Student: 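Here it is, the structure in full.
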Amino acid sequence: MKKEDTVKLISAEGFEFVIDKKAAMVSQTIRNMLTSPVSFAETEHGEVTFPEISTTILEKICQYFYWSLQYASGKETEFHIEPELTLELIMAADYLHT
Amino acid sequence: MKRVNEIVDRGSENSGLKKVRFWDGIDESCGALDKTEGDDQRVFVENEGIDSAQVDKNEDLFRDIVPDYLDGPSLGSLNKSNNIWDFDINFDTIFGNEEEQKGLVFDLNFPAHRTQNGGTEKGCIVYTENPMINENRVDIIDIASDDSDNEVEVIGYTCGYNNAKGKQIELGMPDDRMENLSLGLGMIGMDNAVGESSLLADREKRYSREEKGKANVVDSWLSLQANYSIDLDLLTDSDESIPREDVELGLAVSSEMAERALRQAEQALRTRENLNREAWKETAKRFARKNFPVQDNGKESSSLRSIEQLGNSSGPFSDALKMLRERTSKRAAQQLIEWKPSKENRDRSISLPIVPSLLDLSLKALAENAEGIVSLEVVPDNLRGRLTDMLCDIRKMNVHIMNLLVEGCPTEIRIKNCSWLTEKQFLQTFRRCQTKDLRVLQLDLCGQCMFDFAFRDILAPSSNCFSSLAIVSLRGACRLSDSGLKDLVMSAPSLQSINLGQCTLLTCNAINVIADSLGSNLKELYIDGCQKINPMMILPAFQKFKYLEVLSVAGIDSITDRFVSEMISVCGQSIKELDLADCVKLTDCSLKTIGGNCADLCSLNISNLNNLTDVGMEYLANGCRSIQKLKLCRNEFSDEAMAAYIESSGESLTELLLNHMTKVGPNTALSLAKRSRKLLSLDISWCRRINNEALGLIVDSCSSLKLLKVFGCRQITDVFLNGHSNPLVRIIGQKLAPILDHVNLLEPEGVLLHYSPLPISMEF
């Protein structure tokens, strides 16, 4: 993967998730950050930090991004969410507008 | 009493047909019957009592048969169907209880022959008499679901019947004997008797004809019975057998008896029909749609323009109308619509699936595991609201979640369905709730738990008060009376929005209380469905609602034009949303008032007001130029008027309901396509004049359109469904697509007041 096509998402604990830009754009918040005419610090480095989102949740979110791309292209599978993650996931999803 | 028949072999075997001696007429038929079937034929005279075991067994046999005979009360035997059934079961029996009534088919006039070993014979119960148990007559009982041909009504016979022919075996039935009638198979008598009688007579003919191969069974007597229902009260369960002498229910019916019976039957039928008609009229009233005649409003109506003058005055509406008319005179509107389905004719159902959002998915997962939630502390209000909505939808909302919601110092408690909540639970939960920060309290459908002293009980113990409560919704609090509401209002001085929809006990006193304590603070008031509120008596209270933004009086059919005009004169400047659905007395005068005073109106609902005409539409179009949500249903506006409205004032439309607007057609479609670019939701259910091309034009032009409802539009076909080019739109109402997913599609989240922010002092 070329550097220009990827984005780095950093969790509260410092874990870095490098994912496709296309996948990251599923989140409206990230999309706005990366495509807005105003230049955010994030756009320059291609890195976004989420101090409130823990690693497990951020990992699940990245999984969702890829699942969503797959779903949109026609392959409709089920996205399972472990019950213990749901509460935090809800709030992260709300924040990321995804 | 002459013995009707001699039952040859009572009781034991199971052999073939026993020849029984009847009096004349029947013998032949017996003979005739003999010829046809060799099967066992047993006739169980009811009086003999059929023991229940036997009955049960027979019931099974009968059950299969009954459906075959569902075509009318014509006796099964009259059907030219298989011979098999001609004798074996000579009449359909009615089993069990009333709900299982099927056809009543009687045929046999065989004498009873009781078989003790039961079971295998098929038999029929023969009734010659009115099986009245306690009286001498069978009452005609009307059974509500009355339209099946299979129900046969018992006709009452007088005892005169019994005095008929001398030939007839004594059929006089003293009451006590009748009481012992065992109607084990649920047969009703009189009909049968008559049926049998005529049947018998017919039967002879029939068989003879049938033998010739041209049985012609047209039993006029039976056809009269089409709508009768059976009174199963006549069923007695007695298993007692009646002494033999009393059992003469042989069907010794001569043709004269049949005629008499026929006459009586007709008479009874007529009486029955009259009774039925009365009953149907009463029932129909409950379901009928009210159609109020136009009221004469005296001087007000004279100031309205008449329909003929429509379009002759100045103003945007008239201009638009003139333009439309010119255009129509040159070419019909339908021809102006040039829309072709796009070349890529793909099946929409498989392309572009809508990906569920992570939020929805996680909410669903959380809701399903709701019992495991330990705390909702960190969850913000808007998500709490969505969670409880989903829990209410999947019916998992319970006290546990409610306790989580009231923990701490909540700011919002929104439960859209409290029907599961009992009084006790309500009190227990809310007594623990710290209500001082509560801003929004929504307890919809709380009829069960919201009793009058509810608020007094909650607030008293801990000297709680609703000091920050700004928005309260108690829809469906049907037990809440004026005093209960007073308790609430007195303890919530900062209320700005009160939703009391369907709180049917409230009267004008409640409104007066609200007006006195809240007055100009009140921004939103919903009193739809509160029928006891007399509009005229709350007018003084309305003088105090100067800044009212939202008013809903839907469903209160005593609302008149005068109320609307007085009310608008007070709050017309500020009113933004008005719901007048089902206030059927309103006329164009109200529209004139609204148009003249409510320039900022954003949302208007005038569904089911059939007295409104195009004249009113003109006032509306000229006055309210920024309506965003317009809800029309079953109104009488013409296509041109609707189109002119949209042309002139339809630019801001985001939500348009044209449900059942039968006159709406191509003109409207053209205007919508041209002007309403911001349209998000369109409902044209039951508008049959909008065809594929018109709808295609609308959908392709209104690029923001997200929701399209086309229920009942059979004229919309795949040409449109697969040919339109709007990628976003969801079409609901065709092809078995899910119809509830869209319900919250356009609802904004976390809405507090609809048209104003909450005052800063309340926001944290």
Side-chain angles (χ1 to χ4, degrees), chain A residues 7 9 11-12 17 19-33 48 50-98, chain B residues 344 346-391 394 396 400-401 404-405 407-408 412 414 706 727-728 730 737-738 741 744 747-751:
Chain A
V7 190
L9 304 180
S11 76
F17 293 87
I19 57 173
D20 276 338
K21 240 190 204 165
K22 209 167 140 216
M25 299 288 211
V26 171
S27 152
Q28 206 62 33
T29 314
I30 298 180
R31 181 197 289 250
N32 289 343
M33 271 198 241
V48 191
F50 297 107
E52 313 101 13
I53 306 184
S54 75
T55 312
T56 30
I57 303 295
L58 193 54
E59 180 182 13
K60 198 74 190 177
I61 291 176
C62 293
Q63 286 174 6
Y64 172 78
F65 289 154
Y66 282 102
W67 176 85
S68 161
L69 290 182
Q70 202 183 54
Y71 196 99
S73 71
K75 193 166 161 196
E76 297 182 14
T77 53
E78 200 197 308
F79 185 70
H80 178 70
I81 301 179
E82 287 77 18
E84 52 273 9
L85 298 179
T86 48
L87 207 50
E88 292 177 29
L89 198 57
I90 283 178
M91 296 194 291
D94 187 45
Y95 172 73
L96 286 176
H97 210 93
T98 169
Chain B
E344 331 159 7
R346 42 202 174 141
D347 186 1
R348 290 276 154 180
S349 55
I350 54 172
S351 70
L352 289 185
I354 299 172
V355 187
S357 73
L358 184 58
L359 189 54
D360 288 337
L361 288 173
S362 0
L363 273 173
K364 220 180 282 182
L366 184 60
E368 272 154 26
N369 296 302
E371 54 281 348
I373 304 181
V374 169
S375 161
L376 285 176
E377 214 180 324
V378 293
V379 182
D381 284 333
N382 62 332
L383 293 178
R384 283 194 195 197
R386 285 187 68 162
L387 178 63
T388 48
D389 279 354
M390 187 168 290
L391 284 169
I394 62 177
K396 288 189 93 170
H400 165 66
I401 305 290
L404 295 177
L405 287 175
E407 258 176 17
E412 286 189 18
R414 293 189 197 242
K706 284 192 192 154
L728 285 180
R730 282 222 228 175
D741 293 348
N744 291 325
E747 303 242 330
E749 243 189 49
V751 168

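Here is the naming used below: chain letters follow the sequence lines, and residue numbers restart at 1 for every chain. Here the structure is a predicted model, which means the values were calculated and not measured.
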Student: Tell me the closest heavy-atom pair linking A/W67 and B/V355, and the distance in Å.
Tutor: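 Distance-wise, the nearest heavy atoms are CZ3-CG1, 4.0 Å.
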Student: Would you mind telling me which of B/L376, B/D360, B/V378, B/I373 has the largest number of heavy-atom pairs within less than 4.5 Å of chain A?
Tutor: B/V378
Student: Is there a side-chain contact between A/L96 and B/L358, using heavy atoms and a 4.5 Å cut-off?
Tutor: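 Of all side-chain heavy-atom pairs linking B/L358 with A/L96, none is under 4.5 Å.
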Student: Give the minimum heavy-atom separation between B/L361 and A/F79, together with the two atoms involved.
Tutor: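 Minimum heavy-atom contact is CD1-CD2, 3.9 Å.
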Student: Are there over 12 heavy-atom neighbours, none belonging to B/K364, within less than 6.0 Å of that residue's NZ?
Tutor: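 Open.
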Student: What's the shortest heavy-atom distance between B/A365 and A/T86, and which atoms?
Tutor: CB-CG2, 3.4 Å
Student: Take atom CD in B/E377; do more than 12 heavy atoms of anything else shown fall under 6.0 Å from it?
Tutor: no
Student: If every non-hydrogen atom of B/L359 is compared with every non-hydrogen atom of A/I90, which pair is closest and at what distance?
Tutor: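 Here B/L359 and A/I90 meet closest at CD1-O, 3.4 Å.
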Student: Between CG of B/L383 and CG of A/L87, what distance do you get to the nearest 0.5 Å?
Tutor: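 CG of A/L87 is found 9.0 Å from CG of B/L383.
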Student: To the nearest 0.5 Å, tell me how far A/H97 NE2 sits from B/S357 OG.
Tutor: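 Those atoms lie 9.0 Å apart.
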Student: Using every non-hydrogen atom in the two residues, find where B/V379 and A/M91 come nearest and quote the distance to one decimal.
Tutor: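 That closest heavy-atom pairing would be CA-SD, 3.7 Å.
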